[in-house]
Participant: 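Okay, here's the structure, questions in a sec.
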Amino acid sequence: MSISDEIFALFNARGHTAYLGEDVSQTEHALQAAHLAAQEGASDDLVVAALLHDIGHLTNGLPEDIAERGIDGHHEHAGAKWLKKNFKPEVTEPIRLHVAAKRYLCATEPSYHAGLSAASQRSLKIQGGPMGARELGQFESSPHARGAIRLRRWDDEAKVPGLAVPDLGHYRARIEAIARKPSEP
Ligand SMILES: [Fe+2]
C-alpha cells in the first residue's frame with residue numbers, strides 16, 4: 001500500500017466525523033486547509049502539511065468529544081509522529097507546532113484570539129492558553145515556526161460549511177512526490 005493509499009484509507013474510515021465543535025467534517029476541514037495553502041502558492045511540503053495537519057485526530061483513536069470533556073489529546077504530536085516515517089521535518093514540524101502557533105499568536109497578536117471560533121477558544125484553555133515569554137522565545141527559535149504560523153491561519157479559515165474544493169485524489173501526486181522513498185534515510 002502506498003503512503004497516499006494509507007492516508008486516504010484513514011480519511012475514508014474516520015474523516016466523516018465532525019471537526020471538533022465546527023460544522024465541517026475532518027475531511028472537509030483538511031481539504032479546505034490544503035486548498036487555502038495551494039491558493040496562497042505554498043510549497044508542496046506545506047500544502048501536504050495543511051492537508052494532514054489534523055491526521056492525529058484520525059490516528060489516535062480517542063473519542064470525538066475529548067476536547068469538550070476538558071482533555072487535550074495532543075493530536076499535533078500524534079499526527080507528526082505517525083507521519084515521521086514517510087515525511088521530512090518540513091512537513092511534520094509545522095504539523096507538530098500548529099497548536100503551539102495558536103498559543104503563540106494569542107500571545108503576540110491582540111486581535112487573533114477574538115477571530116478564533118468558539119470551539120477553538122475553548123480548546124485553547126486545555127492546550128495551555130497563550131504562551132509566556134520563555135515559550136515565545138523557544139517557539140521563535142524553531143526553523144519551522146513560520147511554516148507553523150502559516151498553517152495555523154489556513155487551519156483557522158478552513159471551517160466553511162459546504163464549500164466546494166478539490167477532493168483527496170487531487171493531492172495524491174503531491175503526497176507521493178514528497179514522501180520519502182524506501183532507500184532514503
Ligand atoms: Fe485543524
Side-chain angles (χ1 to χ4, degrees), residues 7-8 10-40 42 45-69 71-83 87 90-106 109 112-131 139 144-163 165-168 170-171 174-175:
I7 288 166
F8 293 173
L10 257 180
F11 275 104
N12 289 333
R14 306 197 59 194
H16 60 279
T17 53
Y19 174 64
L20 306 166
E22 313 284 355
D23 291 327
V24 290
S25 70
Q26 289 283 350
T27 302
E28 288 171 318
H29 175 63
L31 291 174
Q32 289 185 26
H35 186 58
L36 287 165
Q39 276 184 321
E40 224 180 76
D45 289 340
L46 270 183
V47 172
V48 171
L51 181 72
L52 304 180
H53 76 277
D54 277 339
I55 203 160
H57 283 310
L58 307 182
T59 61
N60 68 12
L62 293 168
E64 285 168 42
D65 63 343
I66 187 163
E68 259 88 77
R69 293 196 221 163
I71 301 163
D72 185 355
H74 297 288
H75 72 284
E76 70 278 23
H77 295 288
K81 198 172 160 200
W82 192 85
L83 293 164
F87 295 97
E90 283 72 12
V91 179
T92 60
E93 281 298 283
I95 292 175
R96 188 178 68 80
L97 293 171
H98 82 275
V99 172
K102 169 171 138 185
R103 299 181 56 227
Y104 176 84
L105 287 168
C106 282
E109 250 186 52
Y112 178 77
H113 182 267
L116 289 174
S117 67
S120 198
Q121 289 183 352
R122 273 199 303 278
S123 62
L124 173 70
K125 289 190 189 123
I126 58 170
Q127 287 161 341
M131 280 183 173
F139 179 79
H144 302 287
R146 201 174 153 266
I149 288 171
R150 291 182 75 195
L151 169 48
R152 183 71 226 181
R153 295 192 196 276
W154 301 320
D155 183 4
D156 294 332
E157 297 294 311
K159 301 174 179 181
V160 183
L163 189 70
V165 289
D167 65 7
L168 280 172
H170 179 78
Y171 298 97
R174 250 185 273 217
I175 292 171

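Heavy atoms only: backbone and side chains are in, while hydrogens, waters and symmetry mates are out. Remember, predicted model here, so these are calculated numbers, not experimental data. Order of listing sets the numbers, starting from 1, for every ligand and every atom in it. Quick note: residue numbers are just sequence positions, from 1.
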Participant: Is Thr17 reaching over with its side chain to a backbone N or O of Arg14, donor-acceptor style, under 3.5 angstrom?
Facilitator: yes
Participant: Salt-bridged, Arg153 to Glu109, with N to O below 4.0 Å?
Facilitator: yes
Participant: Measure the shortest side-chain to side-chain distance between His75 and His98 over non-hydrogen atoms and say whether it is less than 4.5 angstrom.
Facilitator: yes
Participant: What's the count of protein N, O or S atoms under 2.8 Å from the Fe ion (ligand 1)?
Facilitator: 5
Participant: Could you tell me whether the side chain of Ile95 reaches within less than 4.5 Å of the side chain of Ile55, counting heavy atoms only?
Facilitator: no
Participant: Can a donor-acceptor pair be found, under 3.5 Å and without considering hydrogens, that links the side chain of Gln32 to the backbone of Val160?
Facilitator: yes
Participant: Any non-hydrogen side-chain atom of His113 less than 4.5 Å from a side-chain atom of Gln121?
Facilitator: yes
